[in-house]
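Reading through the structure tokens given below for one structure.
Computed from heavy atoms alone, side chains included, the values below leave out hydrogens, waters and symmetry copies. Residue numbers start from 1 in every chain, and the chains themselves are labelled A, B, ... in the order their sequence lines are given, proteins ahead of strands.
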2 protein chains.
Amino acid sequence: MNRFASVVIAALMVCLCSASRADEGMWTFHGFPFAKANAALKTRLDQAWLDRVRSATVRLSNCTASFVSAEGLILTNHHCVAACLAEQSSKEKSYMEDGFLAKTRDEEKKCQTQVADVLVGMEEISAKISAATAGKTEAAANEVRKATLTRLEGECEAATKQKCQSVTLYEGGQYWLYKYKRYTDVRLVFAPEASIAAFGGDPDNFQFPRWCLDMGILRAYEDGKPAKPANFLRINFAGPAAGDPVFVSGHPGSTDRLLTLSQLKQQRNIELPQWLLRYSELRGRLIQFSATSPENERITADTLNSLENGIKVRRKMLDALHEDTLLARKAAEQATLEENVAKNADLKKKTGNPWHDIDVALATERSMFLPHNYIENGAGFQGRLVTYARTLVRGTAEREKPNGQRFREFTDSALPRVEQNLGAAVPVYPELEEIRLGNSLERMREWLGPDHPMVRKLMSTESPAALAKRLVTGTTLADPAVRLELWKGGPAAIAASTDPMIVLARNIDADARALRKAYEDNVEAPIDSATERIARARFATLGTSVYPDATFTLRLNYGTVQGWNENGTPIEPFTKLSRVFERATGADPFRIPDSWQRVKDKLDMNTPFNLSTNSDIVGGNSGSPLINAKGEIVGLMFDGNIHSISGAYWFDTEKNRSVAVHPAIMREALSKVYVADNVLAELAK
Amino acid sequence: MNRFASVVIAALMVCLCSASRADEGMWTFHGFPFAKANAALKTRLDQAWLDRVRSATVRLSNCTASFVSAEGLILTNHHCVAACLAEQSSKEKSYMEDGFLAKTRDEEKKCQTQVADVLVGMEEISAKISAATAGKTEAAANEVRKATLTRLEGECEAATKQKCQSVTLYEGGQYWLYKYKRYTDVRLVFAPEASIAAFGGDPDNFQFPRWCLDMGILRAYEDGKPAKPANFLRINFAGPAAGDPVFVSGHPGSTDRLLTLSQLKQQRNIELPQWLLRYSELRGRLIQFSATSPENERITADTLNSLENGIKVRRKMLDALHEDTLLARKAAEQATLEENVAKNADLKKKTGNPWHDIDVALATERSMFLPHNYIENGAGFQGRLVTYARTLVRGTAEREKPNGQRFREFTDSALPRVEQNLGAAVPVYPELEEIRLGNSLERMREWLGPDHPMVRKLMSTESPAALAKRLVTGTTLADPAVRLELWKGGPAAIAASTDPMIVLARNIDADARALRKAYEDNVEAPIDSATERIARARFATLGTSVYPDATFTLRLNYGTVQGWNENGTPIEPFTKLSRVFERATGADPFRIPDSWQRVKDKLDMNTPFNLSTNSDIVGGNSGSPLINAKGEIVGLMFDGNIHSISGAYWFDTEKNRSVAVHPAIMREALSKVYVADNVLAELAK
């Protein structure tokens, strides 16, 4: 109900925002507003504090984490190690259900597809990109920009032996090279049972008050030995007090706060509804399949959890875009910028009319959205096996080209991750593959229509389900050795293959490439050109007082421990252990695991469980350390409240709250429930 | 892809519409514009023609149909007799799959839940309603209006012995009493296999060119003997020529062409996305369940077909509401009316500001949408069994009240249909019931949240799936005798029942009633008052040159046989039999049944199959006769093209086309495939 009531509240809020938006912002580590933050919080952060936090913060492939011991222990969320748990599991044994604890280092299990990156350097390359693209047409500039980024990354990696990745900030207003120390050997140390890690499951997801032990512990290895990180953060198990200044260092994945009004409407009208329809249906199929046996429930759990999280996020994003106040505010901001440009003849000349240019490109995008999304973007070809096949077909072809001419996902810098994923021994469940591929083929036929050339090519004599069954049954790509052999064999091996999934991928690649080319030239290129001009106009009128949208690169924000007021009801920022026992129903997802029930009498029921802060975070920040002014960990970020989802588009100062695991419950659980003395001892060193 | 391209076309179209909108309109039989229609089509329709067509047109419970013989044969669509086919079927035998033909009258099968109504009289009662509600508050007026309609219906039924139903036209601008001759004994005579009736299935639904034998034949009985209708229409098996004037007599179910801009946005932002998400997920569950065995496929088919049709309709309605040109046109029309009101002091005084009043009521609706939709409207309680339980609990209580004080669905006039449905011996499949109820309970918990009082009341110790299983397993309401006994036993029997489904329905009824009361007083009442004032303002400025929105009451429209231009490609208005054989893939839903394959050599491949016209129809018109100027049937309406779905909001003259079965293919199939000589002979009499 809150979503509707918030229309009224939001209307009141508009006039308060500018006064109280002090805590908003996902600041880069090269643009952190020390003076503003220290003044707001009465703290004394300095560059040394920032450097220490940066070098202890870890980027996982999908999340954030932090080093918490001198021997490479990494603290993150349970849901950030879920893929690793799933990789280790089978139909018969689920580490998601049962949890895991390595009592010795020998027992630690390697996560096949995980990496851990630490940011060690940042270099602005905006001028180099500008020089390379100057005077080019939009489509040519787009190609040259990518080739230049590829070249600079390659030169950086050769020179530094670090992982170098380019970063586009402010929708093209700035370009940077970020340099990482990468650990490719990451092992699982501890995870609790999913039933307590995600107590409340999907119903409680994005809710607060909350009771989730959403923690997991990994260890980075280097040359087969526990890594010695440059820095680590100590956990302060007492946790923070209400009102304490707190900081979140992490990698917010993606926000769209600087998009134009038309771009937001395109999300609202096309992208979000289409995604939600497709995945709501898949959710239904997976729930139904999952209910048929405990084994099927086990093999579906990880996929279904991700899916349900994605659905909740997107439906609240859609709600946000339906709030008139949000769009009115965006329209006003855009109008102000347009006016400021119009007033300045020089700026007007440089800027042109990027808002109009974007509208034209968006109309082009609409005209090709369905085929591009289904064929090139893979909405019509879902599942691990078909994704392996497409990667093999395309990757082997791209690898033959000079580095600068390849798609960006197959540059020399990107290839090690491609190979890691192709070679990872992760379980593939044919039943799930059939459902996902069959469903996506069927939806492609529905949305493109039975007479679309691609649909006729693939499904003129077979139903989507029959085709999916034949491909999944006939392929041998579930075997990593087969994948690596094809990868090493290159284009000749791919051309010679009779594997039906490879045959399919070969069949669609040319059409898919043509769609990508048309999209890049006619949608991406003009939008990139326009957003870059908007960013420069914004710099010219507002400076860099605005933070860039999230890009899954390192950011810091500042705020305080606090709850909020939910339609007149104050929400306190801490929850306690006692309540989780009162709230349990015995049935999933409100079931307390036996390990906790057994030691219930020994537990301190007053232990704080979760807490909320006004930190400005989004997905990708999962696993981020919540840090106090002394640089100690006082919480482990894992979620936001329901209002936080609109954070994709704006920061709602009154109601957007993030949610963390309290350190006290981590200690209580590690000590009394899991008896993880080895872990606690290492954390105390 | 067309949906996006049509943005551009629609923009061009706005300036053409007023010139070419001659064929638009769902005209009542008491307001048909003879002069305009005859001038446009060079025909000479008169009142006698109209009366004859009216008295041969039939309203089924969900569709339209027409009498086609002197002995009560009724022609309609296959999908209009699908429920009857499903009622006769079981896990082992599906009449949907296999089709049905009664070679003698004894073999005709009674449809348990069907009725056939023929409109025999129309009386305007606007003045009586105005008199009753004058000077009342909105909430009081709303109650008095309903009580008055109930009273007038009762008096009419007592006086005429006909079925009397009130009709609200122009969103409250006019009230009428429609009088029907009702046949409650309707039997199945013929239906082809679903694979040819719905050739192309969901992928081809709302597409043209098309090849569907979407026909079914019923017979009305009276006093156990074939009915003798006042009139019937002859089928002209030669069919029409391109450009011929044609008329559709039928019952368009619902359109929203007269809604305000805010009401359209409420649909776009709240109602349509929520519906689509819920049912897309259910679709996934049903598809997955259906795939587990041929029996499960059989028992799911009818539900899934309806669901997929509903999804396609609503996703194209949502697309329509995302077209800027549509909303701009609506805004302009609304602004013109507002200006006309503002210019006229007297009109301004009578009208007030209904647009603002609607906005306020819509904000209230948003604040209670979720609980009202899940609890009172039943989004949280889906399936036949729970619906029986809720009808029994509420209906027995309502029946105790004086007629005028009851909910409108339980007035004396409505009770016979309630009893027919409760007593109908239709199959109930527990597996399907569990899926539907479990899914809806789970979504209620998701959307209302685990801490909503209703969710806590029902699911604090049971999961949604466990609760659904217990209720479906424990109830005896699948037995019509049990239902009728409870119905006859009244409130005492309900109070004494320990049937778990009845217990559930008792548990939720008070909360549901409170939500209904709040909704009626604070949303429905002010909106009804406002829309009535808007309708009167429209009459005052435009007269009745505007037709009312569709209300599943009898309408006539006029047009011609024609195709359209699809982005530069002309679409011809006729398809041929030969193409269906070329298009078949052998796999459902593109599979030609064996009965056709066997006689393939005897069939005339040039036989016209389907045709398109520019008739302005929507759902509810299914089964309508397509009539030529002589009053002969020259087609059987069953669908529209993809552009027709936006007909909910406006009539797109350039592209909105309806789709009919050609009479020639009906004769070819009845004669050569089904050897239904008895039917053909009766049609020829």
Side-chain angles (χ1 to χ4, degrees), chain A residues 1 3-5 7-8 200 202-204 207 265 268-270 273 276-289 291-292 311-312 315 318-319 322 363 366-371 435 439 442 445-446 448-452 455 459-463 465-466 583 585-590, chain B residues 1 3-5 7-8 200 202-204 207 265 268-270 273 276-289 291-292 311-312 315 318-319 322 363 366-371 435 439 442 445-446 448-452 455 459-463 465-466 583 585-590:
Chain A
M1 280 210 295
R3 50 186 294 232
F4 304 117
V7 173
V8 181
D202 181 64
D204 267 6
Q207 302 292 336
K265 285 185 180 171
R268 181 193 73 184
N269 298 359
I270 313 283
L276 281 165
L277 287 191
R278 288 196 293 117
Y279 283 98
S280 293
E281 184 177 335
L282 183 60
R283 178 194 203 183
R285 294 195 64 155
L286 293 180
I287 288 176
Q288 190 64 30
F289 171 72
T292 49
I311 287 172
K312 193 171 267 195
R315 78 172 166 78
L318 188 59
D319 283 350
H322 282 141
R366 287 194 293 275
S367 74
M368 65 182 300
F369 181 83
L370 286 173
I435 292 173
N439 183 62
E442 193 169 316
R445 183 174 72 177
E446 177 185 3
L448 301 187
D451 296 313
H452 187 281
V455 176
M459 288 176 274
S460 61
T461 59
E462 274 178 311
S463 72
R583 192 171 159 81
T585 65
D588 277 326
F590 295 95
Chain B
M1 282 214 292
R3 51 188 293 235
F4 303 117
V7 173
V8 181
D202 180 64
D204 267 7
Q207 301 292 335
K265 285 185 180 171
R268 182 193 71 183
N269 298 358
I270 313 284
L276 281 165
L277 287 191
R278 289 197 293 117
Y279 284 99
S280 292
E281 184 178 336
L282 183 60
R283 179 194 202 185
R285 294 196 63 156
L286 294 179
I287 289 176
Q288 191 63 29
F289 172 73
T292 50
I311 287 171
K312 192 170 266 195
R315 79 171 166 80
L318 188 59
D319 283 350
H322 281 140
R366 288 193 294 274
S367 74
M368 64 182 300
F369 181 83
L370 285 172
I435 291 173
N439 183 63
E442 193 169 316
R445 185 174 70 175
E446 177 185 1
L448 300 187
D451 296 313
H452 187 282
V455 176
M459 288 175 274
S460 61
T461 59
E462 274 177 313
S463 72
R583 192 171 159 80
T585 66
D588 276 327
F590 295 95

Distance check, rounded to the nearest 0.5 Å: [X] atom [atom1] versus [Y] atom [atom2]?
| X | Y | atom1 | atom2 | value |
| --- | --- | --- | --- | --- |
| A:R285 | B:R285 | CZ | CZ | 13.0 Å |
| A:D319 | B:I270 | CG | CD1 | 6.5 Å |
| B:I311 | B:L277 | CD1 | CG | 10.5 Å |
| A:K265 | B:H322 | NZ | NE2 | 10.5 Å |

Self-check item: Proximal component of A:L282, with respect to chain B [non-hydrogen, under 4.5 Å]
Solution: neither
Self-check item: Contact origin within A:R583 toward chain B - heavy atom pairs under 4.5 Å
Solution: side chain
Using a cut-off of under 4.5 Å on heavy-atom pairs, state which of [options] scores highest against chain A.
| options | result |
| --- | --- |
| B:D204, B:D202, B:D451 | B:D451 |
| B:Q288, B:E446, B:R445 | B:Q288 |
| B:P273, B:G284, B:A465, B:S463 | B:G284 |

Toward chain A, the part of [X] with a non-hydrogen atom under 4.5 Å:
| X | value |
| --- | --- |
| B:F590 | side chain |
| B:N439 | neither |
| B:L286 | neither |

Quiz item: Quick one: do B:E442 and A:R283 make a salt bridge, cutoff under 4.0 Å?
Solution: no
Quiz prompt | Any residue meeting ring-ring contact (aromatic ring centres under 6.0 Å, His included) with B:F289, in chain and number order, not counting sequence neighbours | solution = none
